[in-house]
Number of protein chains: 2
Amino acid sequence: MNENIKQAVTTQALHRMPYYIQQLRVLQEQKTETVSAPKIAELLNLNEVQVRKDFAAVYSTKGKPKMGFLVTELLASMEELLGYNNANEAVIVGAGSLAQAIMAHEGFQDYGLKIVAAFDVNTERIGSDINGIKVLPADKISNLCRRMKIHIGIITVPAVQAQVVCDQLVAGGILAVWNFAPVHLSVPDHILVQNENLAASLAVLSNHLKHAMITPEF
Amino acid sequence: MNENIKQAVTTQALHRMPYYIQQLRVLQEQKTETVSAPKIAELLNLNEVQVRKDFAAVYSTKGKPKMGFLVTELLASMEELLGYNNANEAVIVGAGSLAQAIMAHEGFQDYGLKIVAAFDVNTERIGSDINGIKVLPADKISNLCRRMKIHIGIITVPAVQAQVVCDQLVAGGILAVWNFAPVHLSVPDHILVQNENLAASLAVLSNHLKHAMITPEF
DNA sequence: ACAATATCAGTATTATAATATCGATATAGA
DNA sequence: TCTATATCGATATTATAATACTGATATTGT
């Protein structure tokens, strides 16, 4: 919805990257030194040309005929591209169960995300400690983000509060928003909103079921 | 990745539906009776033709020139399409923090998802009760799914276990999988895998930040 | 009653992503 | 050493989604 930013790698390709990374890690553990595009395509059920192009986009080593690509180098350049090494600091707003799950998920550290503060309006939650992260009152958002030069804001508040929270994050100088609320957020052009709409996924699932039940295939 | 199923509504359109629904609900609360495609497009920052086509795809009432569409009817037909009324029963495998968040999220009931059982391999978790849902041993998956005619399986286990769990769900006669593990899952053709890859979203965010930092726009 | 216009539905066009094709080349095996 | 071939990169084609355009129509205001 906000795609006026020039980027070398397409969004679709970026979405495939974590799957490549996961697969390459498996290969690395198996001490496999090289891998070809067709092989990865087969493993991930993708088109081989697409895989080759995605690899070319991250521009690691060029592949060699008959051999393919160097697993370790390819993996490194992908992790580099996705910033898995240099952590991006983030704040999370709305300290409900979803937020707690996100904070508890230590795996996100590996993906280059470091949550440094949580905010909530619920006075009961304020002051508490979730996985070592202090829950602060929501009116401190802008101030803290600006002071700590935070670039990512994660929104896990209910739909009705999302836009207000978003505005506060923007006021705090945030550059990207990860939005778990099922609403459209209005933001200035240069800010990216990445929507994680679980309802959208459910819509796809439900729609599939409806068709699958009408035309049973087994 | 698994798109050989004929469907009247495109996946992209389905992804937009929850946003339409949310917006229509707001309008309904404001006692607004009709709304035009351009108006919705403006509110959600979409193209008006796209909105009109999405509306046509759910085929509710036809719109009237100068007036637009009936909010209530449109909303009803969208909710009907997405199965918000008739709940789909689901099981969740992996009773970690993410699963707990999903189960705690009573909002999913409104989206037509009813989680009836949870599974885990961790003996400590087995037998416990999360939000009224019993945690059962993982080896019961296939059996219970088949017996209860469950159609949706939610996977929140670590990457390495995901494929095994997926196979068990498939063996249990599941039709759709909601996969939170950052791995590609191999399934028979007629089964839909809806990937909820949080790492992919982080990839997009991180990539945006990298570009935004190089070319600051404020 | 009639003119002006917002909006519609349908069709045409454009943009974007996915896939197919093709000549080149490095490796493996005869 | 030479031949066969897997794989490459590059380019062409196709498929899909987004957007622009056009004539029709219902409402609103004069």
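Letters A, B, ... are given to chains in the order of the sequence lines, protein chains preceding strands, and every chain is numbered from 1.
Looking at the side chain of A:Gln50, the nearest of the listed nucleotides C:dT27, C:dA18, C:dT5 is C:dA18. Picking from C:dT7, C:dT27, C:dT11 the nucleotide with the shortest atom distance to the side chain of A:Lys66 gives C:dT27. In the set C:dA26, C:dA9, C:dA20, the nucleotide with an atom closest to the side chain of A:Lys64 is C:dA26.
Taking for each of A:Val49 and A:Pro65 the nucleotide of DNA chain D with the nearest heavy atom, the 5'-most of the two is the partner of A:Pro65.
In this structure, B:Asp54 places its CG atom 13 Å from P of C:dA9, rounding to the nearest Å. In this entry the distance linking NZ of B:Lys62 with P of C:dT7 reads 19 Å, nearest Å. Here C:dA6 presents its P atom at 14 Å from CD of B:Glu42, a figure rounded to the nearest Å. We find that CD1 of B:Ile40 is positioned 15 Å from C1' of C:dC8, with the value rounded to whole Å. The distance from atom CZ of B:Phe55 to atom P of C:dG10 is 16 Å, rounded to the nearest whole Å. The distance between atom CG of B:Asn47 and atom C1' of C:dC8, rounded to the nearest whole Å, is 14 Å. Protein atom NZ of A:Lys53 is 8 Å distant from nucleotide atom C1' of C:dA18, rounded to whole Å.
Put simply, the side chain of A:Asp120 gets close to the backbone of A:Ala95: a donor and an acceptor are under 3.5 Å apart. With hydrogens and angles disregarded, a donor-acceptor distance shorter than 3.5 Å links the side chain of B:Ser206 to the backbone of A:Leu82. A donor-acceptor distance shorter than 3.5 angstrom exists from the side chain of A:Arg146 to the backbone of A:Ala171, with no hydrogens or angles considered.
Ring geometry for B:Tyr111 against B:Tyr84 counts as tilted: the plane angle lies between 30° and 60°, on a 0 to 90° scale.
The only option from A:Ile154, A:Ile155, A:Ile152, A:Val93 that meets the side chain to side chain contact (heavy atoms under 4.5 Å, CB included) definition with A:Val177 turns out to be A:Ile155.
You can see that DNA chain D meets the heavy atoms of chain B within a 4.0 Å-exclusive cut from D:dA17 to D:dT27, reading 5' to 3'.
Under the 3.5 Å distance criterion, with hydrogens and angles disregarded, a donor-acceptor pair is assigned to the side chains of B:Asp167 and B:Gln163.
No contact: A:Ala56 has no heavy atom under 4.0 Å from any strand.
With the 3.5 Å cutoff on both pairing distances, Watson-Crick and G-U pairs in DNA chain D assemble into runs of at least 3 at C:1-30 with D:1-30.
Two residues are said to be in side-chain contact when any heavy atoms from C-beta on lie closer than 4.5 Å; A:Leu192 and A:Leu175 fail this criterion. B:Leu46 is not listed as a side-chain neighbour of B:Ile40, based on a closest heavy-atom distance of 4.5 Å or more.
Salt-bridge check for B:Glu29 with B:Arg25: failed, with every basic side-chain N at 4.0 Å or more from each acidic carboxylate O.
Not a single donor-acceptor pair, N or O on each side, falls under 3.5 Å between the base of C:dT7 and the side chain of B:Lys39.
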